[in-house]
Number of protein chains: 2
Amino acid sequence: MQDKHYDWKEKIRSNGGRLTTPRKIIFNILNSTPKHLSAEDVYFIIHKKNPKIGLPTVYRTLDTLFKIGYLNKFDFGDGHFRYELSDFQNKHQHHHHLICTKCGKIVDYTDFIEKETKLVNLTEKELSKKYNFRIDNHIFQFYGLCNKCKK
Amino acid sequence: MQDKHYDWKEKIRSNGGRLTTPRKIIFNILNSTPKHLSAEDVYFIIHKKNPKIGLPTVYRTLDTLFKIGYLNKFDFGDGHFRYELSDFQNKHQHHHHLICTKCGKIVDYTDFIEKETKLVNLTEKELSKKYNFRIDNHIFQFYGLCNKCKK
DNA sequence: CTAACTGCAAATTCTTTGCATTAGT
DNA sequence: ACTAATGCAAAGAATTTGCAGTTAG
């Protein structure tokens, strides 16, 4: 249980998918960084060693992983989506974000999650009842200015 | 105090801006709906009566209003930004969002805000101290499936 | 084998920019 | 009059699509 990723390959296959070289590489890239990578970030990394792999493949692979639930997809407002492996793989803790609206710096914080969790669960329960939604996920983001940009 | 919008015109002028026809129309469009409009939504509405006003003007006006703090800008993940007049104009209450990942339906909820507020304030305080940020704003969004899409 | 995936190029979509003209103040 | 803002057309940037060739199962 050290690594719950063991089954991503199985998940791909069981959906009729194939375990191709680009998919393996892209998964590994995501799995070896705590950062939120954009499609272009991934492409840049991959391109150094595998110049044959194209940007469309990166987009398609990220979408595939997103659809089977292995990726979180964020928009921090800088004009492109960013991805990270999902939290349920216990390698990464669930976290929220603190975003500098000037320089784009992003801080993942986990510090206050515990206090928040109880309330979040309660809120999810009440919301799902009142609005008849099945809630799968949430994004909490705080926006402001980082120490440098505050001047 | 019924309508705090009284001063938006003043705010525009005091920044060296001009009170043009497109700006007045666009402000009124935003002011007469509780919805989250995209630039194209605004353009579509405006275009029926004022076909001369172009999409770039809409984008520029939205950006202007955003910069002087009269607009909130959201990305719900459907590929374009959406805008609404800011909460501090007491016409709209501060609210969070519930988003259907299948059909894109968005529910604004204000119900649990009160309970959340205390925690949010506390979290903002602790985060701003720990990470030395000045926090101006936050976005909380829950994602899931609405009653129709749950099937 | 054969259907899914890739790689390339071209298309789409949303948003921004350059510039000559118009219109607030 | 002065200069910000507009309207048009065209450019940019991120992402998606079509399709012929490749490859995993």
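Residue numbers begin at 1 in each chain, while the letters A, B, ... track the order of the sequences.
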Please state how far atom [atom1] in [X] lies from atom [atom2] in [N], giving the value in whole angstrom units.
X	N	atom1	atom2	answer
A:K24	C:dA4	NZ	C1'	15 Å
B:L65	D:dA5	CG	C1'	13 Å
A:D75	D:dA14	CG	P	12 Å
A:K9	D:dG25	NZ	P	11 Å
A:I25	D:dA24	CD1	P	12 Å
A:Y43	C:dG7	OH	P	10 Å
A:L37	D:dT15	CG	P	13 Å
A:K67	C:dC5	NZ	P	11 Å

Give a yes or no on whether the backbone of B:I53 and the side-chain of B:T57 come within a donor-acceptor separation of less than 3.5 Å.
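No, because the side chain of B:T57 does not come within donor-acceptor range (under 3.5 Å) of the backbone of B:I53.
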Could you check whether any side-chain N or O of A:S14 sits under 3.5 Å from a backbone N or O of A:K11, counting only pairs where one atom can act as donor and the other as acceptor?
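Indeed, once roles are kept as given, a pair shorter than 3.5 Å links the two residues.
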With a 4.0 Å cut-off, would you call B:D41 and B:R82 a salt bridge?
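Yes.
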Answer with yes or no whether the hydrophobic clustering places A:V42 together with A:Y70; edges join I, L, V, M, F, W, Y residues whose side-chain heavy atoms lie under 4.5 Å apart.
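They do share one cluster, since a chain of ILVMFWY contacts under 4.5 Å joins A:V42 to A:Y70.
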Does NZ or CZ of B:K73 lie under 6.0 Å from the centre of the six-membered ring of B:Y83, at an angle within 45° of the ring axis?
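No - B:K73 does not lie over the ring of B:Y83 by the 6.0 Å and 45° rule.
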Does the side chain of A:H138 pick up a donor-acceptor pair with the side chain of B:Q141 at under 3.5 Å?
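Not at all, the side chains of A:H138 and B:Q141 share no donor-acceptor pair under 3.5 Å.
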For atom NZ of A:K150, decide whether the heavy atoms of other residues, nucleotides or ligands shown that lie under 6.0 angstrom number more than 12.
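Counting neighbours around NZ of A:K150, more than 12 heavy atoms of other residues, nucleotides or ligands fall under 6.0 Å, so yes.
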Residues clustering with A:I106 (ILVMFWY side chains joined when closer than 4.5 Å, directly or via others)
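A:I106 shares its hydrophobic cluster with A:F74, A:F76, A:I99, A:I139, A:Y143, B:F74, B:F76, B:I99, B:I106, B:I139, B:Y143.
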For D:dG7 and B:T57 - does any side-chain N or O of the residue sit under 4.0 Å from the phosphate oxygens OP1/OP2?
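Indeed, a polar side-chain atom of B:T57 lies that close.
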Starting at the 5' end of DNA chain C, which residue's closest nucleotide do you reach first, A:G16 or A:G54?
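Result: A:G16.
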For nucleotides 16-25 of chain C, 5' to 3', base contacts (B), sugar-phosphate-only contacts (S) and non-contacts (-) with protein non-hydrogen atoms under 4.0 Å give BBB----BBS
Contacts to DNA chain D from residues 45-52 of chain B, heavy-atom cutoff under 4.0 Å, which residues?
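Output list: B:K52.
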Apply side-chain hydrogen bond (donor to acceptor under 3.5 Å, both in side chains) to residues A:H96 and A:D108 and explain how you reach the verdict.
CA-CA 6 Å; A:H96 294 162; A:D108 292 357; over 6 Å; no
